[in-house]
Amino acid sequence: MNDRPPIPTRRLAGDAAGVAEAARLLRDGACVAFPTETVYGLGADATDPAAVAGIFAAKTRPRLNPLIAHLPARAAAQAQGAFDVHALRLAEAFWPGPLTLVVPASAGTTVCDLARAGLPSVALRVPGSGLARDLLGIVGRPVAGPSANRSGRVSPTRAGHVLADLDGRIAAVLDGGDTSVGIESTVIACLGGPPRLLRPGGITRAAIGAVLGFAFDGQELGGQELGRPKDAEAARPLGPGLLASHYAPRARLRLDAAAIEAGEAALLFGPAEPLGLDAARAVVNLSVGGDLAEAAARLFGALRDLDASGAAMIAVAPIPSSGLGEAILDRLARAAAPR
Ligand code: TXA
Ligand code: MG
């Protein structure tokens, strides 16, 4: 997978001409990275297994992981899956936006088996980014899109991040500037029974509970409970979001740090200054004012910047677990997990 000859990766402007060219490339079966409001996705025609295989090759991602299919509007998404009452409510409330719904695939789904990893379910999302929806509308087919980073690395929130990981491996990146949410979508499975939270993300647990009308305490689940793959392979991982080590910078991470050791990079939140900050090799504060939305938007870029300082360890100050803090802490815990 690492021995593909490099291809020139084009940087397309986020205007009508760039969108049209990105759509043409996608319809031709190429891989094109595109901005959403969460992170940049690595897009390919979800109806074409050869195109989807290109995603796995570019990312060096294990093929077992199912991908999200992106659609330009709710009606197009609902044609791909069976929505129960919970899924309908959530789609109405949060689409377009940073929510992914895992639902049973409809009989007529055009999302290919490879994109669904052979599962009877399908992950669907209508992104909040207008540029993304314009692109999807012109493509006219569902677009598979994992985050546009090398597998296991930090998700990209600007075109430069995409190129740092994938230059020479994909046809183009559509440049829409910095993403606004900065952390991936919340993934919820509605497969009969109560909805379950598979990945915390850009929409908070509280917001979801408010729409569903009950306290939403769904747990993150392992693979088998979510519907069996057709080939009955048992305990394979559902996706990289469910692997322990993910979103990893090169440096190690130390969470909940009250003090900074000399030479460490420091990732701060809020106005408090930890002990030893003067001896830090590099410092980024995610939000001096303690705003979790601002912190989420800056998280992945901050990890990339602190990594670039060359520090062997990133010390992370305490971050509250409320609201978007749940998703931020989830990503930090994965980045800190043993590899
Ligand atoms: O914000 C986002 O969701 C970004 C942008 C590009 O849309 N995409 C993204 O994709 O984060 P990815 O592939 O990195 O994460 C997709 C998550 C994985 O955790 C995967 O396991 C889960 O969705 N997923 C996809 N299809 C699934 C299915 N059928 N059942 C359960 N989980 C599924
Ligand atoms: Mg990812």
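Throughout, residue positions are numbered sequentially from 1 according to the sequence presented. Just so you know, ligand 1 is whichever comes first in the structure, and atom 1 is the first atom listed for that ligand.
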Legend entry - Under 2.8 Å: N/O/S of N149 next to the Mg ion (ligand 2): no
Inset, instruction - Could you tell me which atoms of ligand 1, counted from 1 in the order shown, lie closer than 4.0 angstrom to a heavy atom of A123? - result: 25 (C), 26 (N), 27 (C)
Inset, instruction - Using the test side-chain hydrogen bond (donor to acceptor under 3.5 Å, both in side chains), find all partners of R298 that sit at least two apart in sequence or belong to another chain. - result: none
Inset, instruction - Please identify which atoms of ligand 1 are closer than 4.0 Å to at least one heavy atom of S147. - result: 9 (C), 10 (O), 14 (O)
Legend entry - Proximity flag G145 to ligand 1, non-hydrogen atoms under 4.0 Å: yes
Legend entry - Any donor-acceptor N or O pair under 3.5 Å, side chains T36, S129: no
Inset, instruction - Would you please determine whether N65 falls within less than 4.0 Å of ligand 1 on a heavy-atom basis? - result: no
Legend entry - Interfacing atoms of ligand 1 (cut-off 4.0 Å, heavy-atom, I68): 3 (O), 8 (N), 9 (C), 10 (O), 16 (C)
Inset, instruction - Taking all non-hydrogen atoms of both residues into account, name the closest pair between L267 and A302 and its distance. - result: CD1-CB, 3.8 Å
Legend entry - Per-atom contacts of ligand 1 with L198, taking only distances under 4.0 Å to non-hydrogen atoms: 31 (C), 32 (N)
Legend entry - Of the listed options I183, I188, T100, V102, closest to atom 28 (C) of ligand 1 (non-hydrogen atoms): V102
Legend entry - Y40, any N or O under 3.5 Å of ligand 1 N or O: no
Inset, instruction - Could you point out which residue of R334, R199, R331 forms a salt bridge (Lys or Arg N to Asp or Glu O under 4.0 Å) with E184? - result: R331
Inset, instruction - List, by chain and then residue number, the residues other than F34 in its hydrophobic cluster (Ile/Leu/Val/Met/Phe/Trp/Tyr, side-chain heavy atoms under 4.5 Å); write none if there are no others. - result: L12, V19, L25, L26, V32, L131, L135, L136, I138, V139, V143, L174
Legend entry - Ligand-residue contact atoms, ligand 1 with H70, heavy atoms, under 4.0 Å: 5 (C), 6 (C), 7 (O)
Inset, instruction - Nearest heavy atom to atom 15 (O) of ligand 1 wins, so pick from E37, E184, R199, R196. - result: R199
Inset, instruction - Measure the CG-CZ distance between L90 and F83 for me, rounded to the nearest 0.5 Å. - result: 10.0 Å
Inset, instruction - Examine the side chains of T186 and R205 and answer whether a donor and an acceptor come within less than 3.5 Å of each other. - result: no
Inset, instruction - Mark the output for R116 as yes if a heavy-atom distance to ligand 1 is under 4.0 Å, and as no if none is. - result: no
Legend entry - Non-hydrogen atoms of P98 and T38 that approach each other most closely: CB-CG2, 3.5 Å
Legend entry - Side-chain ion pair, R89 and E92, N-O less than 4.0 Å: no
Inset, instruction - Check each atom of ligand 1 against the heavy atoms of G41 and keep those under 4.0 Å away; list them by number with element. - result: 6 (C)
